[in-house]
2 protein chains.
Amino acid sequence: MSAKPDSANGRKNGLSRATIIAAAIDILDAGGQSALTFRALASRLSTGSGAIYWHVADKDALLSAAADRVLSEALAKVARDLDPVEGLRQIALSVFDVIEARPWVGSEIAREPWQPAMAELFEHCSARFADLGVPQAALFPCVSALTQYILGAAAQTAAAAQHGFATSDQSTVLDAIVDRWMDRNPVDYPYVHLLADQMRQHDDRAVFLVGLELIVAGAKAMSQRQDVRP
Amino acid sequence: MSAKPDSANGRKNGLSRATIIAAAIDILDAGGQSALTFRALASRLSTGSGAIYWHVADKDALLSAAADRVLSEALAKVARDLDPVEGLRQIALSVFDVIEARPWVGSEIAREPWQPAMAELFEHCSARFADLGVPQAALFPCVSALTQYILGAAAQTAAAAQHGFATSDQSTVLDAIVDRWMDRNPVDYPYVHLLADQMRQHDDRAVFLVGLELIVAGAKAMSQRQDVRP
DNA sequence: ACCTGAACACCGTTCAAGT
DNA sequence: ACCTGAACACCGTTCAAGT
């Protein structure tokens, strides 16, 4: 259907799949998901909206490719010679930081996991977990859970951050949410009230890292438990 | 803006916020996200599309309310008298199962976390974690990480499942992905190749539970480390 | 106060027609 | 083979007009 021989470049115009995706990324970075329109893209590339369909199957494919490109680049930069735990931290943070900087990547990943970049992430995490001593039989579920945490948590914080986008700054938005939660009966929701201040002052990145630490610690504990036997 | 006194019901027609949300849920369950249209909703309620705007601010609010309603109902059913670990398992599974049964809830949660039901989830998880011995100062990041895992992982598996929706059955879709991953060089991606079979045969729900176990184990380990001191 | 439905602005996608 | 741009079908949302 959309198989395109990668023969250098498009002919008539400078149009090519790569050019289109790059332009799409620019638009997404500048104006968010709602700004990416075939009309906007066409006018930025000085072409007709129909021309884009010659190189890209549809909007889903375009978004997929854009997110994948950005994620792949970020993952490629992660150092490969760190100790396991620090390696995992770097991988996770690189994903988190990309998604925080470009929230549209988070939404796209949430809508369509299993893009090619996932293989990169998967490979990278597997290697570190194996170094950590996780037995081969338990490797898949551990890695799978970790990547789901990384992508899911990053996507959510990005979505949350995106909501306080033009209305006001991030902290005010969070304050409003906390305030609404505080309306609930303290008898029924003691912990919501107890933790309100921690919630107000929390740092998304730090919380994200705690979750990573928990998973890694859990994996370590599990692998020890299983290594002791034989 | 959208403040509506809950005065029993709407007047002229049987229209009310609750009726509208219920109808929206029916449509979403039957036809997925793309089926929910103001026109479809209006015709199902035998009214004009404009009438809906009297009770609901816009489509985002409608989706929010629908997802929140479904999630709240699921969370309300979870037993509250279990031991901490089993309690956490039940909460997590109830969310996972809802999102698997109604994938549109997952997409909506990914797009707009912090809905009222989140307070429910947050409270519930906090109590179990506290029972588990997590010190108060560490409670927020732990609970936050856990809820992010639960929602993120559930949303992702739902999105993945949704993709093999009419094209073919779930396993075939996954096979196709694995096949594409296998095209990569085994020297550069040894773990992708090593774990391909595990990936092909994995069960989403079981993997989800492993992730939960890891986080809980990590939290337990962490709280012990800090409890030993004083 | 609540409902109606035509109208508006804006999408993604297609396709006959060009080069 | 690749590009053009008008046309199609379909959205969310608004609003004058009704009751």
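Chain letters run A, B, ... following the sequence lines, proteins first, then strands; residues in each count from 1.
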The nucleotide from D:dT14, D:dC11, C:dT13 with an atom nearest the side chain of A:Asp58 is C:dT13
B:Tyr53 atom OH is separated from C:dA7 atom C1', nearest whole Å, by 14 Å
Regarding the side chain of A:Lys59, the nearest nucleotide among D:dT13, D:dA1, C:dG12 is C:dG12
Side-chain contact check for B:Thr37: nearest option of C:dT14, D:dC11, D:dC2 is D:dC11
(message) Using a 4.0 Å heavy-atom cut-off, does B:Leu36 contact any base of the nucleic acid, only the sugar-phosphate backbone, or nothing at all?
(response) sugar-phosphate
Kindly say whether B:Thr157 contributes a backbone atom to a donor-acceptor pair with the side chain of B:Asp204 at under 3.5 angstrom? no
To the nearest angstrom, the CG-P distance between A:Leu41 and D:dC3 comes to 13 Å
Remember a base hit wins even if backbone is also touched, and classify A:Ile52 as base, sugar-phosphate or nothing at under 4.0 Å, heavy atoms. nothing
A:Leu45 CG to D:dG5 C1', in whole Å, measures 16 Å
Side-chain (B:Glu123) to main-chain (A:Tyr191) donor-acceptor, under 3.5 angstrom:
yes
Here the gap from A:Ile21 atom CD1 to A:Leu28 atom CG, rounded to the nearest 0.5 Å, amounts to 11.5 Å
note: A:His55, atom NE2; D:dC3, atom C1'; distance rounded to Å ~ 8 Å
task: Report yes or no: does B:Tyr189 contribute a side-chain atom to a donor-acceptor pair with the main-chain N or O of B:Asp183 at less than 3.5 Å?
output: no
Do the side chain of A:Lys77 and the main chain of A:Ser94 share a donor and acceptor less than 3.5 angstrom apart?
no
Picking from D:dC2, D:dC11, C:dC11, the nucleotide nearest the side-chain atoms of B:Arg39 would be D:dC11
Listing for DNA chain D: consecutive Watson-Crick or G-U pair runs of at least 3, distance cutoff 3.5 Å, ranges ordered by first number, gives C:4-8 with D:12-16, C:12-16 with D:4-8
Rounded to whole Å, the CZ-C1' distance (A:Arg17 to D:dC3) equals 18 Å
Spell out, as yes or no, whether a donor-acceptor pair under 3.5 Å connects the side chain of B:Thr19 to the backbone of B:Leu15.
no
- Query: Is the side chain of A:His124 donor-acceptor paired with the backbone N or O of A:Gly87 at a distance under 3.5 Å, no angle test?
  - Reply: no
Taking D:dG12, C:dC3, C:dA6 as options, the one with an atom nearest any side-chain atom of B:Phe38 is D:dG12
A:Leu15 has its side chain closest, among C:dT13, C:dC2, D:dC3, to D:dC3
Regarding the side chain of A:Trp54, the nearest nucleotide among D:dT13, C:dT14, D:dA1 is D:dA1
